[in-house]
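Let me begin by presenting the structure, written as structure tokens, before commenting on it.
We use all heavy atoms of the structure for the numbers below, so side chains are in, but hydrogens, waters and symmetry mates are not.
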Amino acid sequence: MHYSEAVTIADLREIAQKKLPRSVFGFVDGAAFDERTLRDNEADFSRLRFAPRFMVDVGQRSQSVTVLGHTYSSPMILGPTGLAGIFWPHGDLEIARACKAMDVGFCQSTNSNASIEQVAEANKAFWFQLYIQRDRGFSNALMQRAWDAGARVLVLTVDLPIPGPRERDVRNGFMVPPRIGLDNAFDYASKLGWLWRLATGPRFTLGNFDVPGKAPRKMTTLAQYVASQFDPSVTWKDLDWIRSEWKGPLAVKGILRPDDAVRAQQHGADAVIVSNHGGRQLDGSPSAVAALPAIAEALGGKTTVLMDGGIRRGADMVKAMALGASACLVGRAGLYGLASGGRPGVERAIAMLQKEIDITQALLGIPELSKIDGSALFPDR
């Protein structure tokens, strides 16, 4: 199947699985330990039931939203995903360009293969995601580079004091950069298109860790450095420091508890992103959509609420908005599109989700999606 024939995100996932080596597909598709939270992220959406209103004029419909000063055609921000270049050459730039073309949000990862400056050239309206590094000076330099390049929203990810245990990656022998050995030679050889793109594409690196003006470091050395920079000592005092340094809107990503959401609000966050890192950190934590309502209630409309995790249908975003989210971050769905066909594959993924949102809001009787509320869902039984 070609990406242009895909009807759903599940179709794009199937195409990506056929195009990528097992270890590379496992990296995007997998999660921590037994992957229960990954499955719950999707399954908990299916337990929510719509309460449609009929005899409502839905001849004109809008799904546009304004989030942290940015207006988008849909309640969709393609979220920060590291190493997108492993799925398609210039992967981060392909996603950034697709988002610009489709008028949806894009957030660059600290661990992007492209640099901040390259992303800014592809999409000036980008957000930047930050992990606080052990080297606080380097963290500050990243923020300054992002601001100078035009990013006006900073997303601080707080749920990664140490990397989560992705056992699928261990079993599959996933490595950065990819290495071909006796144990995976046949699998890699069967993905000639991917191999050719990797061999003829740009040098595989982490663009934000190469120091501008200096010779790029070897990828193995760079990967070791990045791994050493995760800091388990980060506290709310560090959020105070980030708030004092960043001039624009600040979102805190990785919140699952209402009390932590309130703390983030008190420490200056303009937005809270309800997220469990796609199930890739603490397996057994609640799904993002299950945690969303209590957090939205605790924040009382004073802080923007976003959600990330398990979005596979446009209807999922509509459900999240009914529960209090202003918009959703989308991760894997965009990467499946990227792996299936580069920028056109990402645009296909976005277009499918937009079409599903439009159909859902029409059948719900909600012409203006930004005005949705909890009455669009039946109460829990």
Side-chain angles (χ1 to χ4, degrees), residues 67-70 77 79-82 92 105-112 115-117 119-120 125-164 206-209 211-212 225-277 280-282 288 295 298-299 302-308 326-327 329 331:
V67 183
L68 299 177
H70 296 258
I77 298 133
T81 52
D92 306 279
F106 171 69
C107 182
Q108 182 193 16
S109 170
T110 289
N111 294 337
S112 166
S115 70
I116 291 168
E117 293 76 16
V119 165
F126 74 109
W127 298 10
F128 182 69
Q129 176 269 333
L130 178 72
Y131 294 114
I132 296 179
Q133 313 288 309
R134 288 181 185 271
D135 182 348
R136 299 297 195 267
F138 183 66
S139 296
N140 205 0
L142 285 175
M143 286 190 285
Q144 189 60 54
R145 284 174 60 188
W147 182 265
D148 290 346
R152 290 299 177 264
V153 176
L154 182 71
V155 174
L156 177 65
T157 299
V158 298
D159 61 357
L160 209 152
I162 62 172
L206 295 173
N208 293 328
F209 290 84
V211 180
Y225 172 77
V226 171
S228 73
Q229 284 299 302
F230 290 112
D231 189 353
S233 72
V234 172
T235 69
W236 293 106
K237 291 181 180 179
D238 293 288
L239 178 56
D240 292 335
W241 169 67
I242 294 289
R243 178 69 282 176
S244 70
E245 295 292 332
W246 183 256
K247 305 170 189 174
L250 172 63
V252 176
K253 179 176 182 288
I255 298 295
L256 291 171
R257 295 169 53 124
D259 56 346
D260 276 350
V262 171
R263 287 191 187 97
Q265 183 184 63
Q266 293 170 342
H267 285 264
D270 300 289
V272 165
I273 303 175
V274 183
S275 172
N276 53 40
H277 216 104
R280 295 166 74 83
Q281 284 299 103
L282 179 61
I295 289 175
L299 293 176
K302 298 177 182 178
T303 299
T304 299
V305 179
L306 304 172
M307 198 220 77
D308 160 71
S326 295
L329 277 70

Could you tell me which non-hydrogen atom of A261 sits nearest to which non-hydrogen atom of V272, and how far apart they are?
O-CG2, 4.0 Å
For the pair D270 (side chain) and L250 (backbone), establish whether a donor and an acceptor sit closer than 3.5 Å, ignoring hydrogens and angles.
yes
Any donor-acceptor pair under 3.5 Å linking the side-chain atoms of N208 with those of T110?
no
Interatomic spacing from CG in L154 to CG in L68 - rounded to 0.5 Å:
11.0 Å
Check ion pair D159-K253 (N to O, under 4.0 angstrom):
no
Any non-hydrogen side-chain atom of I273 less than 4.5 Å from a side-chain atom of V252?
no
Run the ring-ring contact (aromatic ring centres under 6.0 Å, His included) test against W236 and tell me which residues pass, sequence neighbours left out.
H267
Sorted by chain and number, sequence neighbours left out, salt bridge (charged side-chain N to carboxylate O under 4.0 Å, His left out) with R134 holds for none
Keeping S326 on the side-chain end and V67 on the backbone end, is there a donor-acceptor pair under 3.5 Å?
no
Please test I242 against I132 for side-chain contact (heavy atoms from CB on, under 4.5 Å), starting from the C-alpha separation and ending with a verdict.
CA-CA 9 Å; I242 294 289; I132 296 179; 4.1 Å; yes
For a 4.5 angstrom cut-off between non-hydrogen side-chain atoms, does L329 reach L306?
yes
I'd like to know if the side chain of T303 pairs up with that of Q265 as donor and acceptor (distance under 3.5 Å, no hydrogens or angles considered).
yes
Smallest heavy-atom separation, V155 atom then C107 atom, equals CG2-SG, 3.9 Å
Under 3.5 Å: donor-acceptor pair, side chain of R152, backbone of W147:
yes
Does any part of the side chain of Q108, heavy atoms only, come nearer than 4.5 Å to the side chain of Q129, both counted from C-beta?
no
What I'd like to find out is whether the side chain of L156 reaches to under 4.5 Å of the side chain of Y131, using heavy atoms alone.
no
More than 12 heavy atoms of other residues, nucleotides or ligands under 6.0 Å from CZ of R257: yes or no?
no
Would you say V305 and L299 make side-chain contact, with heavy atoms under 4.5 Å?
yes
With a 4.5 Å cut-off on side-chain heavy atoms, are I162 and F230 touching?
no
What are the two closest heavy atoms between A146 and I116, and how far apart are they?
CA-CG2, 3.7 Å
Assess the side chains of D148 and Q144: does a donor N or O sit below 3.5 Å from an acceptor N or O?
yes
First locate atom OG of S109, then atom CH2 of W127, and finally report the distance between them rounded to the nearest 0.5 Å.
15.0 Å
Could you tell me whether the side chain of Q281 reaches within less than 4.5 Å of the side chain of N276, counting heavy atoms only?
no
State whether a side-chain donor-acceptor pair under 3.5 Å links D231 with S233.
yes
Check S275 against A288 and note the closest heavy-atom contact, atom names and distance.
CA-CB, 4.3 Å
Under 3.5 Å donor-acceptor, E117 side chain and R145 backbone
no
Would you call V158 and I255 a side-chain contact if the rule is heavy atoms closer than 4.5 Å?
yes
If you measure from the Lys or Arg side-chain nitrogens to the Asp or Glu carboxylate oxygens, is any gap between D240 and R243 under 4.0 Å?
no
Measure across F126 and G150 and return the closest heavy-atom pair with its distance rounded to 0.1 Å.
CE2-C, 4.3 Å
What closest approach, in Å, do G207 and S115 show between heavy atoms, and which atom pair accounts for it?
O-CB, 3.7 Å
